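Here's the structure we're looking at; comments come further down.
Residues: numbered from 1 along the sequence shown. From a predicted model like this one, the values you see are computed outputs, not experimental measurements.
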Amino acid sequence: MINRMMAIGDGPIKTFPLRGVKDNPPYYLHDERLLTLEDTVEFFNLILGTNLTPQEKEDLVAFLHAL
């Protein structure tokens with residue numbers, strides 16, 4: 001258990017599942033540099049160049065809150 005989440009090492013890269021991601025505040029990302037899910041969505045929007053619209057970002061954050 002890491003930060004009250006089960007870490008499973010069944011592959012070369014160990015990541016947490018997205019289920020319950022909203023319950024992991026106040027920090028997101030592996031190095032805890034992002035404070036909100038909105039920040040996280042915007043970070044990846046910029047880094048990956050996905051050019052999400054404001055509505056798409058809002059929908060994605062709503063989806064993450066529903067997990």
Side-chain angles (χ1 to χ4, degrees):
M1 297 292 288
I2 301 171
N3 293 331
R4 299 182 314 259
M5 299 185 79
M6 179 62 70
I8 300 172
D10 61 349
I13 299 173
K14 298 175 181 87
T15 62
F16 292 108
L18 288 176
R19 178 175 281 161
V21 70
K22 70 182 180 303
D23 300 325
N24 193 38
Y27 304 107
Y28 296 94
L29 223 53
H30 69 282
D31 59 1
E32 301 180 339
R33 75 174 94 166
L34 302 172
L35 298 178
T36 66
L37 286 174
E38 290 80 5
D39 292 340
T40 306
V41 168
E42 185 60 31
F43 173 80
F44 283 104
N45 187 46
L46 294 171
I47 295 299
L48 298 175
T50 54
N51 299 318
L52 296 175
T53 67
Q55 184 62 54
E56 289 171 327
K57 289 186 268 188
E58 186 178 319
D59 292 346
L60 182 53
V61 169
F63 170 74
L64 291 170
H65 278 284
L67 294 176

Determine all donor-acceptor pairs shorter than 3.5 Å in which one atom belongs to a side chain in residues 58-67; sequence neighbours excluded.
| from | atom 1 | to | atom 2 | distance (Å) |
| --- | --- | --- | --- | --- |
| Asp59 | OD1 | Gln55 | NE2 | 2.7 |

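- Scanning all heavy atoms of the two residues, the minimum distance from Thr50 to Phe44 falls at OG1-O, 4.4 Å.
- Under the 4.5 Å side-chain contact rule for hydrophobic residues, Phe43 and Val41 share a cluster.
- If you take CG on Asn45 and CG on Asp39, they are separated by 12.5 Å, rounding to the nearest 0.5 Å.
- The salt bridge (charged side-chain N to carboxylate O under 4.0 Å, His left out) analysis of residues 42-57, with sequence neighbours excluded, yields the pairs Glu42-Lys57.
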